[in-house]
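Here the structure comes first, spelled out in structure tokens, and everything after it is commentary.
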Amino acid sequence: MIAAIIAAAGSGERFGAPIPKALMHLGDKTLIEHAIANLAPVVQQIVVTAPAGYEEQIRTLVGSDITVVTGGATRSESVRIGLEAVDHNAQFVLVHDAARALASTALSKSVIDALKGGDVAVIPGLPEVDTVKVVDAAGYVTSTPDRASLRKVQTPQGFAYSVLKAAHSVPQDATDDAVLVANAGHQVRIIDGEERALKITTPTDLATAMTFIGDAQSFRTGVGTDAHAFGEGRELWLAGLLWPGETGVEGHSDGDVAAHAICDALFAATSTGDLGPNFGTSRPEYAGASGTQLLQETLNIVTKAGYSISNVTVQIIGNRPRIGARRAQAIAAVSAALGGVPVSILATTTDGMGLTGEGKGIAAIATALVFK
Ligand code: CTP
Ligand code: MG
């Protein structure tokens with residue numbers, strides 16, 4: 001028989017979502033459900049390593065045919081724990097990442113076919129297109145491996161059960177299982193990987209993964225605006241940055257109109273209310289909150305509502321400050337607060353007309369595109 005372990009116990013820290021990555025939606029299913037659906041046709045047992053505290057939620061989601069165990073502190077530890085729940089009669093074990101939710105059934109089948117052909121360790125890999133450098137701690141290049149001999153490896157990785165069991169008998173940490181098996185002296189075969197087996201690490205990866213499932217996308221847009229009057233003696237915070245020497249604005253929070261407009265555009269796109277109820281004067285814990293803090297909180301609310309962000313744009317309207325020289329820095333600050341999504345920041349004046357043209361304050365208009 002053939003068993004599979006799906007490592008799903010990570011917290012998804014780099015993604016920046018409030019829930020574990022395996023429970024995030026990609027189209028109509030969570031990542032763990034996609035991974036199971038793609039593996040189930042070719043294996044007889046599936047063991048899932050769940051993040052502590054999420055075992056019951058995952059059991060309910062995946063059904064009673066799947067064994068759910070509590071994962072460990074590292075991926076290797078999770079796999080080792082998962083291996084203990086694998087049927088001892090297993091001939092082969094596939095080790096897969098929930099984060100590679102879209103790896104196809106055909107890829108698992110190719111791994112299994114190579115195992116049946118006599119290899120004891122089989123892993124998918126894609127050719128490296130970039131030139132890769134090895135660097136030392138001081139940041140200097142020490143060597144340049146021949147690109148033609150490099151592969152970016154993926155999962156599912158397949159092993160003879162006895163070989164994987166022996167490799168994991170001594171606890172040790174590694175970023176994949178093949179290295180443990182190789183260290184134990186076994187040959188590891190590489191087969192062709194696939195683009196759709198990408199590891200979903202950031203929101204941008206999730207957007208890329210969406211392009212592989214194609215039809216299930218539901219896009220929504222939203223618009224948000226904000227304006228604040230200048231207030232003497234206040235620092236100016238705009239687009240996540242402090243602008244030294246500029247007059248700040250009045251406000252309950254730090255008065256970052258660009259961040260606030262983006263929050264409202266995201267609330268509009270996802271029908272999750274607006275700035276007032278979410279962070280307004282009725283929520284004293286947000287008094288003085290920074291623009292980036294509110295953007296991070298908004299990302300949490302949007303993610304909980306089941307949406308991913310495709311991109312956001314914001315146009316800042318006012319005579320001052322001049323945005324141009326710090327545009328890249330502002331884009332980086334806003335994008336980081338939103339988990340790395342694409343951000344555009346524009347600026348304009350209004351030919352001396354209106355509140356901002358008269359130099360009374362700053363305004364911003366933002367748009368957001370989201371999908372689920
Ligand atoms: N994983 C696991 N147990 C851990 C850590 C990771 O089972 N202690 C799993 C993750 O759930 C994921 C896979 O190993 O499916 C690959 O890890 P990664 O992509 O790094 O996911 P996370 O650890 O969740 O993400 P991050 O490193 O950003 O926190
Ligand atoms: Mg990790």
Side-chain angles (χ1 to χ4, degrees), residues 3-26 29-40 43 46-55 57-59 61-62 66-86 93-104 107-108 123-126 152-159 164 167-168 171-180 193 195-209 296 299-300 303 308 335-341:
I5 298 167
I6 305 180
S11 56
E13 208 172 301
R14 284 169 291 178
F15 198 94
I19 51 172
K21 215 160 58 177
L23 288 171
M24 284 183 352
H25 270 84
L26 174 59
K29 288 197 284 283
T30 59
L31 296 192
I32 186 66
E33 288 172 282
H34 278 290
I36 289 171
N38 288 322
L39 272 176
V43 301
I46 296 180
V47 178
V48 171
T49 74
Y54 289 88
E55 299 87 343
Q57 192 177 336
I58 289 182
R59 260 181 212 120
L61 199 61
V62 303
I66 310 286
T67 308
V68 177
V69 299
T70 309
T74 62
R75 183 186 180 281
S76 295
E77 197 182 329
S78 293
V79 173
R80 197 160 47 248
I81 294 167
L83 204 46
E84 281 164 21
V86 166
V93 184
L94 304 191
V95 183
H96 191 32
D97 290 336
R100 296 187 189 273
L102 294 187
S104 69
L107 182 62
S108 295
I123 67 177
L126 290 175
K152 295 184 290 190
V153 307
Q154 305 178 318
T155 69
Q157 300 191 341
F159 305 95
L164 186 64
H168 273 286
Q172 46 191 324
D173 198 19
T175 51
D176 77 351
D177 298 279
V179 67
L180 302 181
E195 297 289 347
R196 59 179 296 138
L198 84 161
K199 188 159 84 158
I200 298 169
T201 307
T202 64
T204 308
D205 297 330
L206 194 68
T208 305
Q296 283 161 0
L299 174 64
N300 286 349
T303 307
S308 300
S335 177
L338 292 174
V341 300

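As the structure lists them, so they are numbered: ligands from 1, and atoms in each ligand from 1.
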* Arg14 N/O under 3.5 Å from ligand 1 N/O -> yes
* Quickly, which of Ile46, Ile36, Ile6 forms a side-chain contact (heavy atoms from CB on, under 4.5 Å) with Val62? Name it, please. => Ile36
* **Per-atom contacts of ligand 1 with Ser11, taking only distances under 4.0 Å to non-hydrogen atoms** => 24 (O), 29 (O)
* Identify the protein heavy atom lying closest to atom 19 (O) of ligand 1, giving its residue, its atom name and the separation to 0.1 Å. => Lys21 NZ, 2.9 Å
* Protein heavy atom at shortest distance from atom 23 (O) of ligand 1 -> Gly10 CA, 3.7 Å
* Just by modelled atom types, is the Ala52 backbone N or O under 3.5 Å from a matching donor or acceptor in the Thr70 side chain? -> no
* Asked: Side-chain contact, heavy-atom cut-off 4.5 Å: Leu61 with Leu23?
  -> yes
* Asked: Would you say Thr49 contacts ligand 1, with heavy atoms under 4.0 Å as the rule?
  -> yes
* To do: Look at ligand 1 and say whether Gly71 reaches it with a heavy atom at a distance under 4.0 Å.
  => no
* List the steps, then state whether side-chain contact (heavy atoms from CB on, under 4.5 Å) holds for Ser108 with Val43. => CA-CA 9 Å; Ser108 295; Val43 301; over 6 Å; no
* Distance to 0.1 Å, residue and atom name: give those for the protein heavy atom nearest to atom 8 (N) of ligand 1. => Gly72 O, 2.9 Å
* Applying a strict 4.0 Å limit to heavy atoms, is Ala22 in contact with ligand 1? -> no
* To do: Heavy-atom contacts with Ala99 under 4.0 Å: which atoms of ligand 1 show up? List them by number with element.
  => 15 (O), 19 (O)
* To do: Determine whether Asn300 and Thr303 make a side-chain contact, defined as any pair of heavy atoms from C-beta on separated by less than 4.5 Å.
  => no
* Asked: Looking only at distance, does Ala9 have an N or O less than 3.5 Å from an N or O of ligand 1?
  -> yes
* Criterion side-chain contact (heavy atoms from CB on, under 4.5 Å) on Thr155 and Val95, from CA distance to verdict -> CA-CA 7 Å; Thr155 69; Val95 183; 6.0 Å; no
* Lys199 heavy atoms, cut-off 4.0 Å: which ligand 1 atoms fall inside? -> 18 (P), 19 (O), 20 (O)
* To do: Verify, without hydrogens or angle tests, whether His168 (side chain) and Leu83 (backbone) share a donor-acceptor contact under 3.5 angstrom.
  => no
* Would you say Ile5 and Thr49 make side-chain contact, with heavy atoms under 4.5 Å? -> yes
* Taking only heavy atoms of Ala8 into account, list the atoms of ligand 1 that are under 4.0 Å away from them. => 7 (O), 11 (O)
* The single option from Gln157, Gln154, Arg75 passing side-chain hydrogen bond (donor to acceptor under 3.5 Å, both in side chains) against Asp97 -> Arg75
* Asked: Considering only heavy atoms from C-beta outward, does the side chain of Leu26 approach that of Ser308 to under 4.5 Å?
  -> no
* Based purely on interatomic distance, does Ala7 place a nitrogen or oxygen under 3.5 Å from a nitrogen or oxygen of ligand 1? -> yes
* To do: Identify the protein heavy atom lying closest to atom 29 (O) of ligand 1, giving its residue, its atom name and the separation to 0.1 Å.
  => Glu13 N, 2.7 Å
* Which atoms from ligand 1 have a heavy atom of Ala73 less than 4.0 Å away? -> 8 (N)
* For Thr201 against Asp205, the heavy-atom pair lying closest together -> N-OD2, 2.8 Å
* Nearest-neighbour protein heavy atom for atom 13 (C) of ligand 1, which is reported as residue plus atom name and distance -> Asp97 OD1, 3.5 Å
* For atom 3 (N) of ligand 1, which protein heavy atom lies nearest, and how many Å away is it? -> Ser78 OG, 2.7 Å
* Structure fact -> closest protein heavy atom to atom 24 (O) of ligand 1 is Gly12 N, 2.8 Å
